[in-house]
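The block underneath contains the structure these notes are about, expressed in structure tokens.
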Amino acid sequence: MSTQFKVMNPATGELVKKVNYNTKEEIKQALENGHCAFKKWSKLNAHTRSKLLKGWSQIIQENKEEIAEVMTIENGKPLKESLGEVTYATSYIDWYAEEAIRIYGRTIPASTETKRIVVTKQPIGLVAAITPWNFPAAMMTRKAAPALAAGCAFIVKPAEETPLTTMKLIELAHEVGIPKDAIQCVNGKGPEVGALFTDSEYVRKITFTGSTPVGKSLIRNSADTVKHVTMELGGHAPLIVAEDADLDFAVTQTILSKFRNAGQTCVCANRVIVHESIVGVFSEKLTEAVNRLKVGNGMDEETDIGPIIHEKGFLKIVSQVKDAIEKGAEVLLGNKYNADKEQGYFFVHPTVLKNVDTTMNIMQEETFGPIVPITTFKELDEAVDIANSTPYGLAAYFFTNDYKVGTYLHDHLDFGIIGWNDGAPSGAHVPFGGMKESGLGREGGSEGIEPYLETKYLSIGHYDQ
Ligand code: NAP
């Protein structure tokens, strides 16, 4: 087996860097080191851990431009989005630096006079993370920051397409004094590293962001050692536009939700469900606005839509669009590609499809590309049925200024994140996560640190008052 892998620029197909795979032995050693580091890190007082996290956030901000460039070169997303992601990534570190000093226990009134009952929180142990390529900075920090804040040691395996951003962030963590073994990065093939993580007696928690099938296998493999798991998995977000919606605003927000990272995010609006009375006007306005988006290399500041990460992702998009057209969808814009397999780049021009229905693959499978399929509804419960008819339950959006319509949709949509007149509901201060096959647990907000803590209950008998 090769001892190195190539990180390629998806906008040009050029080699960015060769990175060493860690050997099995090195990864096992890293896990043991992480376990030992946990013993020291967890004993540090929370204020010191908090200060170190603040230092980490600050040094990342100081190196923001360099990190963003690395991200654009390995991931392809426009530089302005990479800069936004660096800030988004540090917002998790800032938030959990504050949470570190607010991990409270409680006392419980005892049922007899001779007892005292105390509940404390303890860090869970060594946490092993596996992250995807679509947010190489933020998907790591939103796991590492609460883990370190809680007193856990942390080890991450980034995606093979985008290890450089993660490696840089971890180098900076060491630079500000977070111990080398308290936060580590290892590189290797997903299934092999996954097995080393799940088999390890040192690892007490697996936290994963990525596809649902891989998430399921990690849950299964964690069962033997009964590890805690947090799973941020796939999504297939519906976006409902009600009859009364402010259409110009809905169009702007649809674009915001749909086209980030060329449509390659788990919360991208993937199924646009519009009331039949306004579908004509909405589609026209949307197509006009989407037509202004510029496709190109993310390093060009004019670019709104970068490349698709790899050929596999590109072929899935092309086949979903082809299938939709064969089954009767009308192309309002796009269905244009600039791809060269030999050179190694794959661009998809933003595409708007009308007359889409639920028999088409694009409505059934997660879409990871800049495609907007539009379907219609007449009655609100029909929109809810379409929206809920997926195994996924991550994010859903709707646009209405009618309180009754909004509360009905909120109450009936089976999704963990709801944007009501809001196409960008994410943030470090809110609980992000999915229902159904979109995942287990939440990241962000006060909920995001709990999965890194054990609850320990102490009953003191013969308590002398
Ligand atoms: P993926 O194929 O599941 O890969 C994600 C990570 O898992 C990579 O580091 C990969 O390593 C590793 N991996 C692959 N096979 C593995 C295995 N058998 N055991 C352990 N690890 C394994 O997903 P992706 O295509 O990179 O990412 C896109 C997916 O992530 C989408 O489904 C998207 O919706 C989801 N996502 C979810 C969220 C959320 O918060 N819910 C956020 C972002 C993305 P290699 O690179 O070595 O293969």
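We count ligands from 1, going down the list as the structure has it; atoms in each ligand are counted the same way. Values reported hereafter were calculated over all heavy atoms of this structure, with side chains retained and with hydrogens, waters and symmetry mates removed.
Annotation for Lys327: atom NZ counts as buried by contact number, over 12 foreign heavy atoms lying within 6.0 Å. Around atom NZ of Lys64, more than 12 heavy atoms belonging to other residues, nucleotides or ligands sit under 6.0 Å away. Heavy-atom neighbours of Lys28 NZ from other residues, nucleotides or ligands within 6.0 Å: at or below the threshold of 12.
For atom 32 (O) of ligand 1, the nearest non-hydrogen atom of the protein is Glu366 OE1, 2.8 Å. Protein heavy atom at the shortest distance from atom 44 (C) of ligand 1 is Asn134 ND2, 3.3 Å. Nearest protein heavy-atom neighbour of atom 46 (O) of ligand 1: Glu160 N, 2.8 Å. Atom 37 (C) of ligand 1 has its closest protein heavy atom at Leu233 O, 3.0 Å. For atom 13 (N) of ligand 1, the nearest protein heavy atom (residue, atom name, distance) is Gly190 CA, 3.6 Å. Residue, atom and distance of the protein heavy atom nearest to atom 38 (C) of ligand 1 are Cys266 SG, 3.0 Å. Among protein heavy atoms, atom 18 (N) of ligand 1 sits closest to Pro191 CA, 3.6 Å. Nearest protein heavy-atom contact of atom 2 (O) of ligand 1 is Ser211 OG, 3.9 Å.
The pair Glu437-Lys216 meets the salt-bridge criterion, with a side-chain N (NZ, NE, NH1 or NH2) lying under 4.0 Å from an Asp/Glu carboxylate O. A salt bridge does not link Lys294 with Asp300: every distance from a Lys NZ or Arg NE/NH1/NH2 to an Asp or Glu carboxylate oxygen is 4.0 Å or more. Salt bridge Glu311/Lys341: present, at least one basic N to carboxylate O contact under 4.0 Å. Taking 4.0 Å as the cut-off between side-chain N and carboxylate O, Lys143 and Glu232 do not count as a salt-bridged pair. With respect to Lys24 and Glu192, no salt bridge is recorded, no charged nitrogen being found less than 4.0 Å from a carboxylate O.
Inclusion of Lys157 in the set of residues having an N or O under 3.5 Å from an N or O of ligand 1 is warranted. Between Thr265 and ligand 1, a contact under 3.5 Å exists for no N or O pair. Between Ser438 and ligand 1, no pair of N/O atoms sits closer than 3.5 Å.
The backbone N or O of Met140 lies less than 3.5 Å from no partner atom in the side chain of Thr131, so there is not a single donor-acceptor pair. Side chain of Lys80 to main chain of Thr303: a donor-acceptor pair is present (N/O by atom type, distance under 3.5 Å, no hydrogens or angles). The backbone N or O of His228 sits nowhere less than 3.5 Å from a side-chain atom of Arg204 that would complete a donor-acceptor pair. Remark: side-chain polar atoms of Asp323 are not paired, donor with acceptor, to backbone N or O of Ser319 under 3.5 angstrom.
If you number the atoms of ligand 1 from 1 as listed, the ones under 4.0 Å from a heavy atom of Gly194 come out as 20 (C). For ligand 1, the atoms sitting less than 4.0 Å from at least one non-hydrogen atom of Gly235 are 34 (O), numbered in the order shown with element in parentheses. Close approach of ligand 1 to Met139 (heavy-atom distance below 4.0 Å) involves ligand atoms 42 (C). Under a 4.0 Å criterion applied to the non-hydrogen atoms of Ile130, ligand 1 contributes the atoms 6 (C), 7 (O), 9 (O), 12 (C), 20 (C), 21 (N). Near Gly188, meaning under 4.0 Å from one of its heavy atoms, ligand 1 places the atoms 47 (O). Of all the atoms in ligand 1, the ones that sit under 4.0 Å from a non-hydrogen atom of Gly234 are 32 (O), 34 (O).
Ligand 1 is approached by Pro158 to a heavy-atom distance shorter than 4.0 Å.
When the heavy atoms of Phe368, Trp133, Phe197 are ranked by distance to atom 33 (C) of ligand 1, first place goes to Phe368. Heavy-atom proximity to atom 30 (O) of ligand 1, evaluated over Gly210, Gly433, Gly444, Pro132, is greatest for Gly210. The option from Tyr392, Phe208, Phe432 that lies nearest to atom 7 (O) of ligand 1, judged by heavy atoms, is Phe208.
Ring pair Tyr408/His412: centre-to-centre distance below 6.0 Å. In summary, the aromatic rings of Tyr337 and Phe346 are positioned with their centroids too far apart to meet the 6.0 Å limit.
Neither the backbone nor the side chain of Glu443 comes within contact range of ligand 1; no heavy atom lies under 4.0 Å. Only the backbone of Thr131 comes within 4.0 Å of ligand 1, judged by heavy-atom distances. Only side-chain heavy atoms of Arg142 come within less than 4.0 Å of ligand 1; its backbone N, CA, C and O stay farther off. The proximity of Val193 to ligand 1, defined as any non-hydrogen pair under 4.0 Å, does not occur for either the backbone or the side chain. By the criterion of a heavy-atom distance under 4.0 Å, neither the backbone nor the side chain of Phe135 is placed next to ligand 1.
With contacts defined as side-chain heavy-atom distances shorter than 4.5 Å, the pair Ile206/Thr230 does not qualify.
For atom 15 (N) of ligand 1, a protein heavy-atom neighbour is found at a distance under 4.0 Å.
By the 6.0 Å and 45° rule, Arg442 does not stack over the aromatic ring of Phe432.
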